[in-house]
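Every chain is numbered from 1 and lettered A, B, ... according to where its sequence line falls, protein lines coming before strand lines.
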Amino acid sequence: MISSIKGMKDILPNESSKWQHVEKIIHSLSQLFHFKEIRTPLLENTSLFSRSIGEETDIVSKEMYTFLDRSNESVTLKPEGTASVVRSYIQHHLGEEQPSTKLYYISPMFRQERPQAGRLREFHQYGAEILGSPNAIADSEIILLNAAILKNLGLTNFTLIINSVGCENCRPNYKIKLVNELNNIKNNLTELSKNRIDKNPLRVLDSKDKQDQDALKNIPVIFDYLCESCKSHFEELCQLLKNANQPYSINYKLVRGLDYYTKTAFEFISENLGSQDALSGGGRYDLLTLQLGGKPTPAVGFAGGIERLLIALEKENNNFHSENILQLFLASADEKGKDYIFTLAQHCRNAGISTEFDLLNRSVKSQLREADRQNAKFLILVGEKELTEKSLTIKGMKTNISHSLKIPLQVEELKSIINK
RNA sequence: GUGGCCAUAGUUCAGUCGGUUAGAACGCCAGGAUGUGGCCCUGGAGGUCGUGGGUUCAAAUCCCACUGGUCACCCCA
């Protein structure tokens, strides 16, 4: 038996309706906020990701599915969405058409990590980006869309945390100060954090280790080192969130794992996700477009994990109604009945009635069991008797109401009974 | 990538001081005075016990490796 690749899951028929429901809400809310969908390829040039996400990040240094294609080009299955969107934005000059652009996407992503709860090698993200606006109102738009999607799915148990990670003007100053302080308390830090002091000092801050957190109690926070522009941007965002009645908490130690973030960083977290507690995350990336060869374009965006949404929804006992209910099951008692219902099924389906019948030549009893199992709303059984008498009976499987119908059948009449 | 736990019918599991044809429930299939489902009753199909080695007269059961799952670390969605 050949099975799926480790960490890559089939979405089976009994769960695909949940996915469709979630995707439907993502589409409709994104469009309500007037974002337009963008679809980019799964495969990109490897350099797109190494240049944007950062060579030193875990994603690029050890998690990407990278390989040489048949022309010896290094290609990579996309590990996140923003880089591709920005690449496409630059390549197709979307910024020339209008001063600001709002885009959203739903797409599989790939990272070769050890799978665990809420973490897969192929997973699905939904995300949105606003390119062209440097203002906090764009940040709030992104955050509020994200929150609206969560709420509309019926989630209640989540928290928004925000921070500012500064910009190219103020972050270097803070970094120097931070490295100094970290070196002072070096002996109280875990090995991993010690190693990070030089490579990526900001990441030391959000270590989950208790020992680290104790040692970091009195560490200076970036907020005190933000430049005027970053500070006012952050304050403005806070005010906008308040005006929108969007609860949030500030966590000065929130740092995100991708290098391109500037100013705003945020996460929506849930207690229901085990150790992978982020439902979604995002932030501002004012330098990325320039870095990827485009014109300087301030931008902000987020991405969320669909699998994690589904886990959180399950934990909150949100039961989805199964869509795609079967309206009519046609059963046959003999060969003539079979011929008749085959044709009738075409008419019903053309009229928009979802219709099913037996494909296995089974007994009447088996056909009816099947109708029951499929949760059919109505049943019509046809045999020689009905055809001779030119009269059919349609029966409600749940209601026990039945109607007589004359042959030739008027599909409109049938439709009105079914949709009543 | 590191570590803990796990791996028996389609599913959830029982079965280990090693010992004859490996069980249950649910699901599936067929039937129940002959053309009306669900409940009920009867019968049936379905497993080389994750894979490969080893120990033993004998392995689902003990040992090793591998693979997969799961949880945690790491990291992130």
To the side chain of [X], which of [options] is closest?
X	options	value
A:Ala117	B:rG35, B:rC71, B:rC73	B:rC71
A:Arg119	B:rU36, B:rU70, B:rC74	B:rC74
A:Arg369	B:rC29, B:rG38, B:rU70	B:rG38
A:Asp277	B:rC76, B:rG31, B:rC73	B:rC76
A:Ala278	B:rG37, B:rA77, B:rC29	B:rA77
A:Lys365	B:rU36, B:rC29, B:rG32	B:rG32
A:Ser363	B:rG35, B:rG31, B:rG37	B:rG31

_Distance check, C1' atoms only: B:rA9 and B:rA65, in whole angstrom units._
27 Å

_Base, sugar-phosphate or nothing for A:Gly127? Non-hydrogen atoms, less than 4.0 Å._
nothing

_With rounding to the nearest 0.5 angstrom, report the CG to CD1 distance, A:Leu205 to A:Ile219._
7.0 Å

Atom-to-atom span, [atom1] of [X] to [atom2] of [N] - whole angstrom:
X	N	atom1	atom2	answer
A:Glu15	B:rU11	CD	P	14 Å
A:Ile341	B:rU36	CD1	C1'	14 Å
A:Asp358	B:rC29	CG	P	11 Å
A:Ile59	B:rG1	CD1	P	18 Å
A:Lys377	B:rG38	NZ	C1'	18 Å

*Closer than 4.0 Å, any side-chain N/O of A:Lys395 to the OP1 or OP2 of B:rG35?*
no

*At under 4.0 Å, does any side-chain N or O of A:Arg373 touch on OP1 or OP2 of B:rC28?*
yes

*Watson-Crick and G-U pairing of RNA chain B written in dot-bracket, each distance under 3.5 angstrom, with | for inter-strand partners*: (((((((..((((.....[...)))).(((((.......))))).....(((((..]....))))))))))))....

